[in-house]
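Numbers here simply count residues along the sequence, with the first being 1. One-based numbering, in listed order, for ligands and for the atoms of each.
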Amino acid sequence: MGQKILVTGGTGYIGSHTVVELQQAGYEVVIIDNLSNSNDGVLDGIEAITGIRPAFVEGDCTDIETLRRLFADHKGIKGIINFAASKAVGESVQKPLLYYRNNLNTLINLLELMPEYGVEGIVFSSSCTVYGEPDRNPIDETAPIKPATSPYGNTKQISEEIITDYVASGAPIKSIILRYFNPIGAHSSALIGELPNGVPNNLVPYLTQTAAGIRKELTVFGDDYDTPDGSCIRDYIDVVDLAKAHVTAMKRMLSETGTDSIEVFNLGTGRGLSVLELISAFESATDVKVPLRIGPRRAGDIEKIWAAPAKANETLGWKAMVPIKETMRNAWAWQCRISGK
Ligand code: NAD
Ligand code: UDP
């Protein structure tokens with residue numbers, strides 16, 4: 001067995017895909033998840049893909065005693081990937097304390113216990129939202145951090161600061177902070193994918209649900225932006241590509257060779273796609289037409305943002321590989337599976 005890794009939030013969307021890639025790379029995985037936004041059926045999917053059922057602890061990372069028990073029961077954990085967080089931007093505006101408590105207490109508990117249990121490093125899920133509306137694109141890791149526009153976004157900024165301050169204090173740990181652009185798609189087996197709760201806020205689940213007839217039409221939020229076709233631009237990254245980046249980050253962080261104690265990487269493709277371009281990629285990849293209408297702008301939306309991923313490409317030796325149409329086909333196959341089509 002390879003090194004033991006704790007994956008918090010490991011039955012969630014990005015976590016489950018990452019557990020698959022970690023196991024396929026030979027790591028031994030322990031998951032902790034409180035199932036607040038996922039279910040334990042995901043473990044069956046992971047097992048069906050990899051042939052290995054990861055160790056699973058149903059528990060809440062905001063409870064430090066639960067984490068202590070976990071580290072005592074699963075001795076020898078070398079690294080942590082911390083996905084566990086609440087992530088709905090709109091809800092975070094309504095319930096800010098829930099977001100600060102969940103996202104920050106989870107991180108603080110993990111950091112506090114790492115030296116005690118000999119855990120060497122933590123990979124943290126951050127987001128390109130820390131850049132706000134960028135002054136220029138593509139955006140690299142040296143770009144300024146802009147004031148957060150939601151409590152959720154603020155938890156990511158504060159989390160980055162907490163990790164930075166803790167490492168600077170001389171704590172015997174390393175950390176890699178990964179700033180994700182827009183993760184989309186599903187595993188090519190259609191055995192795991194994204195399980196949105198209620199009406200999706202994000203573009204791709206709304207799009208696939210509309211294509212499946214669950215929603216009447218997809219609303220494009222604004223076609224009067226300063227972009228070539230007037231709709232907003234994002235850097236959509238395949239979730240399996242994203243999962244693989246965590247494996248390379250973990251390998252680097254736990255390697256002996258003098259890497260910095262804290263590193264930050266943008267994870268994106270380097271390609272900006274507009275909302276209308278993404279819809280058209282879906283339609284041509286799947287031959288399914290999506291009923292749509294152009295609606296007003298969504299409050300708080302960023303006009304355009306895409307990544308300069310050179311640092312991740314060169315330093316991690318990782319590159320986004322999956323073509324967008326394949327990502328769209330996988331997203332559709334997953335939607336068909338969960339809606340029984
Ligand atoms: P997700 O909701 O699918 O997964 C998060 C998992 O964490 C869920 O299974 C949930 O049940 C669990 N969880 C939440 N709080 C917990 C707690 N206190 N204790 C134990 N488990 C807990 O979300 P995701 O899309 O997979 O996101 C994973 C991480 O990546 C999050 O930190 C998120 O903020 C970050 N991120 C996501 C995106 C995106 O677009 N999906 C973009 C940037 C960053
Ligand atoms: N979007 C849209 N219709 C929807 C959902 C999203 O036009 O029903 C647009 C949204 O305005 C943004 C892009 O799709 O320009 C990506 O939105 P998402 O919420 O998925 O990600 P984020 O805004 O966090 O980058």
Can you find an N/O atom of [X] closer than 3.5 Å to an N/O atom of ligand 2?
{"X": "L203", "answer": "yes"}
{"X": "R298", "answer": "yes"}
{"X": "C232", "answer": "no"}

>> Checking a contact table here: which protein heavy atom is nearest atom 33 (C) of ligand 1, and how many Å away?
In response: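 Ranked first by proximity to atom 33 (C) of ligand 1 is Y152 OH, 3.5 Å.
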> In the protein, what heavy atom is nearest to atom 13 (N) of ligand 1, and what distance, to one decimal place, separates them?
Replying inline: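 Answer, as residue, atom name and distance: N34 OD1, 3.4 Å.
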>> Among I184, N82, N102, V204, which one puts a heavy atom closest to atom 15 (N) of ligand 1?
In response: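 Considering heavy atoms of I184, N82, N102, V204, the nearest to atom 15 (N) of ligand 1 sits in N102.
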> Given D60, N103, I14, T129, which has its nearest heavy atom closest to atom 26 (O) of ligand 1?
Replying inline: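 Shortest heavy-atom distance from atom 26 (O) of ligand 1: I14.
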>> As an exercise, identify every atom of ligand 1 less than 4.0 angstrom from a heavy atom of G9.
In response: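 That gives atoms 6 (C), 7 (O), 12 (C) of ligand 1.
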> What part of V89, side chain, backbone, both or neither, has a heavy atom within less than 4.0 angstrom of ligand 2?
Replying inline: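 Neither; no heavy atom under 4.0 Å.
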>> With a 4.0 Å cut-off on heavy atoms, is E194 in contact with ligand 1?
In response: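 Checking ligand 1 against E194, which is what was asked, there is no heavy-atom contact under 4.0 Å.
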> Looking only at heavy atoms, is any part of S126 under 4.0 Å from ligand 1, and if so is it the side chain, the backbone, or both, or is it neither?
Replying inline: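 Looking at S126 and ligand 1, just backbone atoms fall under 4.0 Å.
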>> Please report whether the ring centroid of H246 lies less than 6.0 Å from that of F83.
In response: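 Ring centres of H246 and F83 closer than 6.0 Å.
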